[in-house]
Amino acid sequence: MLAAVDSRWMAQALRLAERGLYTTSPNPRVGCVLVKAGAVIGEGWHERAGEPHAEVHALREANDAARGATAYVTLEPCSHHGRTPPCADALIAAGVARVVIAMQDLNPLVAGQGIAKLRAAGIEVECGLMEAAARELNIGFCARMTRGRPWVRSKVGMSLDGRTALANGVSQWITGPAARQDVQHWRARSCAVLTGIGTVLADDPQLNVRDIAVERQPLRVVLDSKLQTPLSAHMLQSLPSLASGRGVGGEGRILIYTALRDAEKIAALEQTGATVCVSPDAAGQVDLIAVLSDLAQRGINEVLVEAGSTLNGALLKAGLVDELLLYVAPQLLGDMARGIAALGELTALDQRVDLEWQDVRRVGNDLRITAKVKRNV
């Protein structure tokens, strides 16, 4: 039976899991605390894919003292051989007496099997403590496991009247330096940053993480129906050359999705080190659902969209945006300036996009608002 003290140790395990915020993809962020006689005897977190999981780090620290201890784990211990051996087996071999789990693993390769294995070994198992916090920490992993698409978070810098650029396209800078610095943390935690060709042509962005020490850069994704990405684009110049042997799979990767089968243009772009994927829909545009499904297949958990109103509108209308990350500057740009999303004319209120507030805080001179898109289910 769960006690008040269990929440204390699980909260500590969740804080440990957060340390892997920028590094664990495509794996989930997981923390583990081993407690015996009211004291911590071992703790750890999953740091990088392919390296030991949180439970293993904690067990190594506890050593023989783990026998009879309680393990607090933010995600169900794995039961299968992946890049590393099963953590459920490690807990059993160490002789822990009790395992408290925040949430069941949604990966079909685990999905309750780790819990079953622990119970079959005579270990007391309780699951569901602080589950909401554990899910939020791994919101992208959960989305990929349950629906086959990443969690899509759209970042927008805007004025108080909801405008993102002047009518002539000028947008630098609506928000202040503190807000722009804050965005770097969201890029760092994302597996991919996605934009449209309109933004590439207008702003020539790099879409990489800057001013934060990170071990990996997010995958950069461009939706370019007609293959208009110039070979001189800044993001392409930052790619390692093919001759270096560091193509997709290494740092600084770029994927360009297009609807155009033009072998010459594709070859020229891929010579820069980018990868081009042809994925048209019936209208001759890039198939948005196919893109997100493909990204999920590539192990992408969280996607940060940094795009203009056209792509934001298309994603919202298709029901593919999960969360909005809004940086609101204390200024007015007027009704002729460009809006957040091109949704077209709505003729009835039931066509609106409903949101659920998550957080509002001040970042420098601006406000940062996070809101999840409500689903009619």
Side-chain angles (χ1 to χ4, degrees), residues 2 5-35 40-62 66 69-79 82-88 90-91 94 96 98-107 109-111 114-115 118 125-146 150-151 153 185-191 212-216 218 299-302 323 358-359 370:
L2 291 170
V5 70
D6 291 322
S7 295
R8 171 191 173 187
W9 301 125
M10 185 60 78
Q12 184 166 332
L14 285 164
R15 287 192 294 271
L16 288 168
E18 287 178 1
R19 297 188 185 184
L21 194 65
Y22 301 159
T23 60
T24 63
S25 62
N27 290 356
R29 299 137 183 161
V30 183
C32 177
V33 176
L34 286 170
V35 177
V40 174
I41 58 171
E43 61 181 24
W45 70 94
H46 183 43
E47 298 176 18
R48 298 169 197 84
E51 296 188 6
H53 291 183
E55 298 93 324
V56 174
H57 285 298
L59 288 169
R60 286 176 179 174
E61 187 175 306
T70 295
Y72 296 87
V73 192
T74 60
L75 185 70
E76 175 184 4
C78 60
S79 57
R83 298 187 190 182
T84 58
C87 291
L91 290 168
V96 301
R98 178 172 175 249
V99 178
V100 180
I101 301 166
M103 66 170 288
Q104 181 175 309
D105 195 338
L106 300 178
N107 185 341
L109 295 175
V110 183
I115 292 173
L118 292 170
V125 179
E126 297 181 81
C127 186
L129 178 63
M130 304 181 77
E131 180 175 357
R135 281 180 174 270
E136 192 67 29
L137 184 60
N138 286 305
I139 199 164
F141 177 80
C142 293
R144 182 165 66 89
M145 288 296 120
T146 57
W151 183 263
R153 182 181 290 116
H185 293 277
W186 293 93
R187 285 184 183 177
R189 70 168 287 168
S190 301
C191 306
I212 298 176
V214 292
E215 297 180 7
R216 61 136 180 100
I300 300 300
N301 292 329
E302 296 182 24
E323 185 176 2
Q358 299 297 307
D359 182 70
T370 55

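For clarity, every value in this text was computed on a predicted model and none was experimentally measured.
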Hey, could you give me the CG/CD distance between L91 and E55, rounded to the nearest 0.5 Å?
5.5 Å

Looking only at heavy atoms, what is the nearest atom pair of R29 and L137, with distance?
NH1-O, 2.9 Å

Trace of the side-chain contact (heavy atoms from CB on, under 4.5 Å) decision for I300 with R144
CA-CA 8 Å; I300 300 300; R144 182 165 66 89; 5.8 Å; no

Can you name the nearest heavy-atom pair linking P77 to V110, along with the distance?
O-CG1, 3.9 Å

Where is the tightest heavy-atom contact between A49 and P26, given as atom of each residue plus distance?
CB-CD, 4.0 Å

Any chance you could measure T23, atom OG1, to R48, atom CZ, to the nearest 0.5 Å?
6.0 Å

Applied to residues 128-142, the salt bridge (Lys or Arg N to Asp or Glu O under 4.0 Å) test, sequence neighbours excluded, yields E131-R135, E136-K372

Any non-hydrogen side-chain atom of R60 less than 4.5 Å from a side-chain atom of P52?
yes

Using the ring of each side chain (for Trp, its six-membered ring), is H53 parallel, tilted or perpendicular to H46, with breaks at 30° and 60°?
perpendicular

Could you go step by step and tell me if T74 and M10 meet the side-chain contact (heavy atoms from CB on, under 4.5 Å) rule?
CA-CA 7 Å; T74 60; M10 185 60 78; 4.2 Å; yes

Rounded to the nearest 0.5 Å, the CD1 atom of I41 sits from the CG atom of L34 at a distance of 5.5 Å

With rounding to the nearest 0.5 Å, note down the distance linking CD in E302 to CG in L21.
7.5 Å

Approximate separation, where rounding is to 0.5 Å, of W186 CH2 and E323 CD:
6.0 Å

Using side-chain hydrogen bond (donor to acceptor under 3.5 Å, both in side chains) as the criterion, point out the one residue from E215, H185, R189 that pairs with Y22.
H185

Would you check if R98 and D6 make a side-chain contact, meaning some heavy-atom pair closer than 4.5 Å?
yes

side-chain hydrogen bond (donor to acceptor under 3.5 Å, both in side chains): pairs with one or both residues in residues 8-20, sequence neighbours excluded:
Q12-E43

Closest heavy-atom pair and its distance - A54, G44:
CB-O, 3.6 Å

Quick check for you: to the nearest 0.5 Å, what is the distance between N301 atom CG and C191 atom SG?
4.5 Å

Should D105 and F141 count as side-chain neighbours, where that means a heavy-atom distance under 4.5 Å?
yes

Would C32 and L16 count as a side-chain contact (heavy atoms from CB on, under 4.5 Å) here? Give the steps.
CA-CA 7 Å; C32 177; L16 288 168; over 6 Å; no

Is the backbone N or O of T370 less than 3.5 Å from a side-chain atom of Q358, with the two atoms forming a donor-acceptor pair by type?
no

Which pair of non-hydrogen atoms, one from A134 and one from L14, has the smallest distance, and what is that distance?
CA-CD2, 3.9 Å

Can you name the closest pair of heavy atoms from A94 and L59 and give their distance?
CB-CD2, 3.5 Å

Does the pair L75 and M103 meet the rule for a side-chain contact (heavy atoms from CB on, under 4.5 Å), with working shown?
CA-CA 5 Å; L75 185 70; M103 66 170 288; 3.6 Å; yes

